[in-house]
Amino acid sequence: MAKLVKLQCTTCGGMLEKIGEDRYRCDSCGLVYERDVQKYNGASAEEINRASFERWQGRFEEALNCYDRVLEIDPGNFEANWGSMLSEHNIGYITASDGTQTPVFYGVKEERIYDNNYYIKAMQECPYGEEENFAAVAEVLENTRVGALKEEKKAGFDVMVICHKYDNGETEDFTEAKRIYD
């Protein structure tokens with residue numbers, strides 16, 4: 001009997017809820033994925049979940065290694081390509097006080113998101129009907145990357161910590177960033 005694996009969103013880590021035969025929507029960020037249940041009831045699902053977890057923890061190299069193992073078996077795997085792009089750009093997500101997911105760059109790259117080979121492959125394999133949604137996420141990421149890169153260059157930072165402070169309080173990331181700055 002195949003071991004059941006929780007299905008998690010590759011982007012933000014939310015839980016995937018079944019909305020169709022092979023379609024799942026993230027309960028957190030709302031992105032929709034297609035998953036062939038036969039493929040994802042085994043090593044691929046575990047490897048993608050592990051890769052995503054490593055990325056959320058800021059261990060981008062480990063995440064890439066996990067995604068690469070999936071891509072060795074299934075080079076057209078959308079989630080592994082998407083996750084690899086996020087990992088190569090050192091992108092994690094934090095949960096805002098309102099429950100929404102906010103991208104965080106742990107080191108800003110010069111390379112445009114759109115020029116990343118994993119991004120290009122992911123968009124070729126994007127779930128049918130979801131191209132615009134994932135392209136919109138990429139646009140937000142690219143705009144955030146460009147803004148952070150401009151700020152980094154303008155300020156002449158050796159190190160830049162990107163974090164968010166919310167009207168109703170400080171996040172752990174903000175508190176840590178302030179401690180580093182001080």
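Excluded from the calculations below are hydrogen atoms, water molecules and symmetry mates; all remaining heavy atoms, backbone and side chain alike, are included. Throughout, residue positions are numbered sequentially from 1 according to the sequence presented.
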Legend entry - side-chain contact (heavy atoms from CB on, under 4.5 Å) evaluation trace for S28 with C9: CA-CA 8 Å; S28 183; C9 175; over 6 Å; no

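- Looking at R69, its side chain never comes within 3.5 Å of a backbone N or O of I48 through a donor-acceptor pair.
- One distance of note links CD of E47 with CG of N65; it measures 9.5 Å at 0.5 Å rounding.
- Among residues two or more places apart in sequence or in another chain, the ring-ring contact (aromatic ring centres under 6.0 Å, His included) test is passed with Y114 by Y119.
- At least one donor-acceptor pair closer than 3.5 Å links the side chain of K18 to the backbone N or O of E21.
- V140 belongs to no multi-residue hydrophobic cluster, having no ILVMFWY side-chain contact under 4.5 Å with any other such residue.
- Through ILVMFWY side-chain contacts below 4.5 Å, V146 is grouped with nothing and stands alone.
- Of all the heavy atoms in C66 and R50, the pair that sits closest is SG-NH1, 3.6 Å.
- Side chain to side chain, T10 and Y67 fail the donor-acceptor criterion of an N or O pair below 3.5 Å.
- Classification of the Y106-F60 ring pair by plane angle, with boundaries at 30° and 60°, yields tilted.
- Here the side chain of D27 pairs a donor or acceptor atom with the backbone of M15 at under 3.5 angstrom.
- To the nearest 0.5 Å, the span separating CD1 on I113 from CE on M85 amounts to 5.5 Å.
- Within the 4.5 Å cutoff, side-chain heavy atoms of E111 are placed close to those of H89.
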I'd like a table of donor-acceptor pairs (distance under 3.5 Å, sequence neighbours excluded) in which one partner is a side-chain atom from residues 126-133, with atom names and distances.
{"residue": "E130", "atom": "OE1", "partner": "N133", "partner atom": "ND2", "Å": "2.7"}
{"residue": "E130", "atom": "OE2", "partner": "R23", "partner atom": "NH2", "Å": "3.1"}
{"residue": "E131", "atom": "OE1", "partner": "G129", "partner atom": "N", "Å": "3.1"}

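- The CG atom of L64 sits 10.0 Å away from the CG atom of L86 when rounded to the nearest 0.5 Å.
- Of all the heavy atoms in S84 and L71, the pair that sits closest is OG-CD1, 4.0 Å.
- How far CE of M123 is from CZ of F78: 7.0 Å, rounded to the nearest 0.5 Å.
- Between F105 and L141, the shortest heavy-atom distance links the atoms CZ-O, 3.3 Å.
- Counting heavy-atom neighbours within 6.0 Å of N117 CG, excluding the residue itself, gives a total of 12 or less.
- Contact check for Y33 versus T11: side-chain heavy atoms found under the 4.5 Å cut-off.
- You'll find the side chain of R55 reaches within 4.5 Å of the side chain of Y93, heavy atoms only.
- Clustering of Ile, Leu, Val, Met, Phe, Trp and Tyr by side-chain heavy atoms under 4.5 Å joins V32 with I19.
- Salt-bridge check for R145 with E142: passed, with a basic side-chain N closer than 4.0 Å to an acidic carboxylate O.
- Using modelled atom types, one finds no donor on one side chain facing an acceptor on the other under 3.5 Å when comparing E125 with N81.
- Annotation for F53: hydrophobic cluster partners, listed by chain and number, are W56 (ILVMFWY side-chain heavy atoms under 4.5 Å, direct or chained).
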